[in-house]
Protein chains: 2
Amino acid sequence: MNEISPKRGPETRQHLLEFAAQSVLAKGFAATSIDELIAAVGITKSGFFYHFKNKNELARALLQRYIDDEEALLDDLFRRGDELHEDPLHGFLVGLKMFAEMMQDLPNGHPGCLVASYCYQENLFDRDVRELNTEAVLQWRQRFRERFDLIAERYPPKIPVDFDALADMVSVLVDGGIIISKVLRDKEVLPKQIMLLRDYVRVIFLGT
Amino acid sequence: MNEISPKRGPETRQHLLEFAAQSVLAKGFAATSIDELIAAVGITKSGFFYHFKNKNELARALLQRYIDDEEALLDDLFRRGDELHEDPLHGFLVGLKMFAEMMQDLPNGHPGCLVASYCYQENLFDRDVRELNTEAVLQWRQRFRERFDLIAERYPPKIPVDFDALADMVSVLVDGGIIISKVLRDKEVLPKQIMLLRDYVRVIFLGT
DNA sequence: GCAGTAGTGTACCATAGGTATAGTTAATCG
DNA sequence: CGATTAACTATACCTATGGTACACTACTGC
C-alpha cells in the first residue's frame, strides 16, 4: 500500500512547489496552508518538513524557481529575436512582439508574478527572501538597460530618455499589466501593454 | 476606568481602517489579524465586531475607502491641471506632472495599492469585493479614455494608438511602478514612470 | 428615563504552524 | 548480502489565531 520510492523525492518536491505557487498567487502566502499542500500532493506533514525545514524555506524555493524560469524565458525570447535580426533594435522589437504573443497565447492569461505577490506581503518573509526579490528586479533592469545602451549606439534617441527608467518600464508594464489583466479578467490587457511599450521604444529610437 | 463615549464611534472605525490598511499592505489580508488591530486601537474583539460584522466587511470598507480617496485625488489633480490650461492635452500633461511630483513628495514612497494587493489574494474575498475591485479599474479606464478622446479631437495622433489600452496604461504604470518602487526601496521609480508616460502621451499627440 | 451608540466579558471551537520522536519502505552501493 | 540512505509515515503534542455567539454595560442626548 505504500508507493514511496527514493527516486520520487524531487518529483514530490516539484509537485509541492507547483501547487504552492498556484495557491500563493490565488490567496497569498499566509493563507496557503501546509495542510492543503500535503493533501493535494498526497503526503503527510512530516513529509513536507522533510522537504522544507519550515514555511519560509518553501517561500524561498518558490521564488527562486519563479525567478529562474522567467530568466530562462527572457533569455530564450530575445536570443530568438536577435537570431532574426542583426540589428539590436529590431531584434529587440521582434523579441517584444514574441513576448506579447506568448502572453496572449496563455489559455487563462498570466497566472501572476510571485515578485509582485511577495512585494505585497513582504513582512511575512525573511530578509534573504526579500533580497532575492530585489535582486530579481535589478537583474531585469540590468538586462534591458544593457540592451538600450547597445541600441543607442546605433540609434541615437530622438527623445531624451533615462535608460534605467525605460528598462524599469518593462518590469513595471509586465507587473502592472498582469494585475490589470487579472482584475478585469481580460487576458488581452497584458499583451497590449507590451505592444504599447514596443511602439514607445520604436518611436524613441526611430521617431514617428 | 471606561473611556468610551458614543461620539467616538466613527473615530474608532477610522483608526481601525487606517491601521488595517497599513497592515494589509505590509503582510496581506490573511495575515492581518483582528487581534493586532484591536490591540493597536485599544478595543476588544467584540468592539471590532460591533463595527464590522466579519472580516470580509472590513475588507470591503477598506477597499471602498481606498477607491474613494484615489478618485478624489485624481479629480482634484486633473481639475487643477485643466485650470492652468484651456487645452485638454496640456491640461492633462500638467496634471500628470503634478501627479508625479505628488508621488515624489511622499516621504516613504507610495504605501501601496489595495487593488493590487487584493488582486493577489482574490480567493480570500467575496464576489462583491472582487467586483468592487474590477469596477475601480474600469473607472480609471473610462476616465482616461474620455480624456484621450477629447485630446484626439484637437490633436490627431501621430501614431496609431488603441485609446483603451493607453488609458489602461495609466493604471498599469501606477500599479507596476508602486511594486518596483517598493521592491527596490527606491521611491523615485514611480514618479519617473509617470513622467515616462507623460513623454509618451506628448509624443503620441505632438510627435517628436 | 429611555433609546441608541459604542462598546466589554466570557466562552467556545476549528485550524495552523511547528516540534519531537520513532518507525517503515525501497533502491543503491560496496 | 548487508548496510546505508532517501523519502517518507504515524503519533502525539503545544500554542496561537481567526472567528462566532451572546449577554451585559456605560455613557449621551433627547
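Order of the sequence lines fixes the chain letters, A, B, ..., with proteins taken first and strands second; residue numbering starts at 1 for each chain.
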Rounded to whole angstrom units, what separation is found between the [atom1] atom of [X] and the [atom2] atom of [N]?
{"X": "N54(A)", "N": "dA20(C)", "atom1": "CG", "atom2": "P", "answer": "13 Å"}
{"X": "L37(A)", "N": "dG17(C)", "atom1": "CG", "atom2": "P", "answer": "8 Å"}
{"X": "K45(B)", "N": "dT10(C)", "atom1": "NZ", "atom2": "C1'", "answer": "12 Å"}
{"X": "F48(A)", "N": "dA16(C)", "atom1": "CZ", "atom2": "C1'", "answer": "12 Å"}
{"X": "R13(A)", "N": "dA7(D)", "atom1": "CZ", "atom2": "C1'", "answer": "13 Å"}
{"X": "I38(B)", "N": "dG7(C)", "atom1": "CD1", "atom2": "P", "answer": "12 Å"}
{"X": "I34(A)", "N": "dA14(C)", "atom1": "CD1", "atom2": "P", "answer": "21 Å"}
{"X": "F49(A)", "N": "dG18(C)", "atom1": "CZ", "atom2": "C1'", "answer": "5 Å"}

| field | Pairwise 5' ranking along DNA chain C for E36(A) and K53(A), keeping only the more 5' one | value |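 First, find each residue's nearest nucleotide; the 5'-ward one identifies E36(A).
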
| field | N-O pairing of R79(B) and D82(B) below 4.0 Å | value |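 Salt bridge absent between R79(B) and D82(B).
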
| field | Salt-bridge criterion met for D162(A) and K192(B) (N-O under 4.0 Å) | value |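 K192(B) and D162(A): salt-bridged.
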
| Which one, dG9(C), dT19(C), dC8(D), comes nearest to the side chain of I43(A)? |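 Nucleotide nearest to I43(A)'s side chain: dC8(D).
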
Tell me whether the side-chain N/O atoms of [X] come closer than 4.0 Å to OP1 or OP2 in [N].
{"X": "Y50(A)", "N": "dA7(D)", "result": "yes"}
{"X": "H51(A)", "N": "dA7(D)", "result": "no"}
{"X": "S46(B)", "N": "dG7(C)", "result": "no"}
{"X": "T12(A)", "N": "dC8(D)", "result": "yes"}

| query | Tell me the salt bridge (Lys or Arg N to Asp or Glu O under 4.0 Å) pairs involving residues 124-134 of chain B, sequence neighbours left out? | reply |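 Matches after skipping sequence neighbours: R60(B)-D128(B), R127(B)-E131(B).
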
| request: Could you tell me whether the side chain of F52(A) reaches within less than 4.5 Å of the side chain of L16(A), counting heavy atoms only? | output: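 Yes, at least one pair of side-chain atoms sits under 4.5 Å.
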
| message | For F78(B) and F144(B), take the angle between the two ring planes, folded into 0 to 90°, and tell me which bin it lands in: parallel under 30, tilted 30 to 60, perpendicular over 60. | response |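 Ring orientation, 0 to 90° scale: perpendicular.
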
| message | Under the side-chain hydrogen bond (donor to acceptor under 3.5 Å, both in side chains) definition, can you give me all pairs with a residue in residues 102-117 of chain B, not counting sequence neighbours? | response |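 Counting only pairs at least two positions apart or across chains, the side-chain hydrogen bond (donor to acceptor under 3.5 Å, both in side chains) contacts touching residues 102-117 of chain B are Q104(B)-E188(B), S117(B)-Q121(B).
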
| query | Taking all non-hydrogen atoms of both residues, which atom of L25(A) and which atom of P111(A) are closest, and how far apart? | reply |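 So the two residues come closest at CD1-O, 3.5 Å.
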
| What nucleic acid atoms does K55(B) come within less than 4.0 Å of, heavy atoms only: base, sugar-phosphate, or nothing? |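 Answer is sugar-phosphate: K55(B) comes under 4.0 Å of backbone atoms only.
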
| Considering only heavy atoms, which members of residues 16-31 of chain A lie under 4.0 Å from some atom of DNA chain C? |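 Those residues whose heavy atoms fall under 4.0 Å from DNA chain C, taken from residues 16-31 of chain A, amount to none.
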
